[in-house]
Amino acid sequence: MAEVVVLGSGTSNGVPSLGIDYPAEFLANPKNHRTRPSILLEGPDGNVLVDCPPELRLQLLRENVKRVDSVIITHSHADHVMGMDDLRAFCLLTKRSMPVYTLPEYQADIKRIFKYAYDVNPTGEVPRFDLADVPDVLELSGFRVETMIVDHGPVPVIGLRINDFAYLTDVSNIPPAARAKLNNLRVLMLDATRYKPHPNHYHFDKAMEVAAEIGAEMTYFTHLSHDYDHDKTAASMPPNVRLSYDGLRLPL
């Protein structure tokens with residue numbers, strides 16, 4: 001059975017964040033421990049990884065993921081690419097480059113950040129990325145992945161739809177072309193970074209408004225800061241809107 005696995009549900013700082021004292025009861029709930037944002041499309045024909053946060057190795061070990069066949073990078077902010085070196089484990093196992101799909105400007109960032117992966121005389125112990133432009137539709141590991149562009153402040157971010165599931169991380173506006181691809185959803189996973197308005201992300205109230213407008217059967221908020229005490233927040237939410245959490249699995 002195909003599933004989407006939430007590898008990380010946290011905001012760019014992760015939760016708990018450094019230098020902050022948290023109540024013991026907050027830390028006692030595993031759902032309040034959020035690594036940086038990523039999902040895995042896990043299917044019988046292979047696995048598609050969406051983004052590579054700094055905790056990628058730990059996320060994949062936690063979920064017992066033994067293979068990654070291709071990668072989609074939504075954008076090149078640090079919380080979405082700084083785990084790409086962990087892909088070298090799969091390159092060494094398969095003896096091939098990892099297919100990575102993203103926008104051209106983010107390919108340039110990846111080549112700059114991971115310059116050693118493109119050295120003329122490689123050691124053989126480095127990751128290898130086979131970068132390609134992301135098309136409107138990707139056929140990967142048995143998944144039909146429809147892509148769209150949403151706004152993250154001034155930054156374009158790739159949104160995804162697979163069957164009746166859609167994933168929109170890091171979004172502050174959904175342009176009409178993307179909105180047209182979000183009808184008749186069973187599950188929407190949507191950015192809702194914090195309670196206070198944010199210039200580059202949906203905040204709680206705006207995410208609630210957008211969730212109601214899109215009208216998916218179920219919406220899960222993601223990219224969550226420590227504003228959210230999972231169980232307390234969930235108790236006050238409508239039954240068709242929930243908070244995601246690290247390790248959440250949903251059928252595709």
Side-chain angles (χ1 to χ4, degrees), residues 3-15 31-32 34-41 48-51 53 72-75 77 79-80 145-153 155-230 233-252:
E3 291 183 309
V4 57
V5 184
V6 177
L7 298 176
S9 61
T11 190
S12 58
N13 288 332
V15 181
K31 292 179 180 178
N32 287 333
R34 304 177 180 115
T35 55
R36 267 66 75 94
S38 179
I39 61 170
L40 185 76
L41 309 178
V48 181
L49 177 65
V50 181
D51 289 331
I72 299 169
I73 297 294
T74 62
H75 63 299
H77 285 171
D79 52 328
H80 295 260
V145 182
E146 189 173 7
T147 67
M148 64 200 81
I149 300 298
V150 299
D151 301 325
H152 173 32
V155 174
V157 166
I158 299 169
L160 307 172
R161 177 170 183 157
I162 306 93
N163 301 331
D164 52 8
F165 166 82
Y167 181 66
L168 301 179
T169 182
D170 295 71
V171 57
S172 59
N173 176 61
I174 302 174
R179 175 62 187 86
K181 298 182 178 183
L182 297 172
N183 296 318
N184 303 313
L185 290 174
R186 182 178 53 86
V187 176
L188 170 66
M189 196 160 288
L190 183 66
D191 180 7
T193 290
R194 66 188 190 190
Y195 284 125
K196 182 181 176 181
H198 192 294
N200 300 322
H201 295 269
Y202 286 152
H203 65 293
F204 182 82
D205 288 344
K206 181 63 177 178
M208 289 291 291
E209 176 186 321
V210 172
E213 192 272 325
I214 292 176
E217 292 180 23
M218 181 66 71
T219 298
Y220 288 90
F221 290 164
T222 194
H223 209 286
L224 305 172
S225 73
H226 55 210
D227 280 9
Y228 301 101
D229 189 329
H230 188 279
T233 303
S236 67
M237 297 172 74
N240 64 333
V241 184
R242 285 290 177 261
L243 301 180
S244 64
Y245 54 88
D246 289 23
L248 173 66
R249 289 175 173 260
L250 301 167
L252 280 174

Using residues 207-220 as the side-chain source, report each donor-acceptor pair under 3.5 Å to any protein atom, sequence neighbours left out, with the distance given to one decimal.
| from | atom 1 | to | atom 2 | distance (Å) |
| --- | --- | --- | --- | --- |
| E209 | OE2 | K206 | NZ | 3.1 |
| E213 | OE1 | R179 | NE | 3.0 |
| E213 | OE2 | R179 | NE | 3.2 |
| E213 | OE2 | R179 | NH2 | 3.3 |

With a 4.5 Å heavy-atom cut-off, do [X] and [Y] have their side chains touching?
X    : Y    : answer
V171 : H223 : no
V145 : L41  : yes
L7   : T35  : no
V15  : L224 : no
M189 : L250 : yes

Q: Please assess H75 against D170 for the test side-chain contact (heavy atoms from CB on, under 4.5 Å), listing each intermediate value before the final yes or no.
A: CA-CA 9 Å; H75 63 299; D170 295 71; 3.5 Å; yes
Q: Would you please classify the geometry between the F204 ring and the Y228 ring as parallel, tilted or perpendicular, with 30° and 60° separating the classes?
A: tilted
Q) Under the side chain to side chain donor-acceptor pair (under 3.5 Å) test, which residues partner H201, sequence neighbours left out? A)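 Partners of H201 by the side chain to side chain donor-acceptor pair (under 3.5 Å) criterion, ordered by chain and then number, come out as D191, T193.
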Q) Got a sec, which residues hit side chain to side chain donor-acceptor pair (under 3.5 Å) with S38, two or more places apart in sequence or on another chain? A) none
Q: Assess whether side-chain contact (heavy atoms from CB on, under 4.5 Å) is satisfied between H80 and T169, documenting all intermediate values.
A: CA-CA 10 Å; H80 295 260; T169 182; 3.8 Å; yes
Q: Verify, without hydrogens or angle tests, whether D51 (side chain) and T74 (backbone) share a donor-acceptor contact under 3.5 angstrom.
A: yes
Q. Between D151 and S172, is there a donor-acceptor pair closer than 3.5 Å when you use the side chain of the first and the backbone of the second?
A. no
Q: Output all residues satisfying salt bridge (charged side-chain N to carboxylate O under 4.0 Å, His left out) with R249, sequence neighbours left out; order by chain, then residue number.
A: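 With sequence neighbours excluded, R249 shows a salt bridge (charged side-chain N to carboxylate O under 4.0 Å, His left out) to E3, E42, E63, given in chain and number order.
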Pair up each side-chain donor or acceptor in residues 156-168 with any protein partner under 3.5 Å, not counting sequence neighbours, and list the distances.
| from | atom 1 | to | atom 2 | distance (Å) |
| --- | --- | --- | --- | --- |
| R161 | NE | N163 | O | 2.8 |
| R161 | NH1 | K181 | O | 2.9 |
| R161 | NH1 | N183 | O | 2.6 |
| R161 | NH2 | N183 | O | 3.1 |
| R161 | NH2 | N184 | O | 3.3 |
| D164 | OD1 | R186 | NE | 3.3 |
| D164 | OD2 | R186 | NE | 3.3 |

Q.
Applying ring-ring contact (aromatic ring centres under 6.0 Å, His included), can you list everything that pairs with H226, at least two apart in sequence or on another chain?
A. Y22
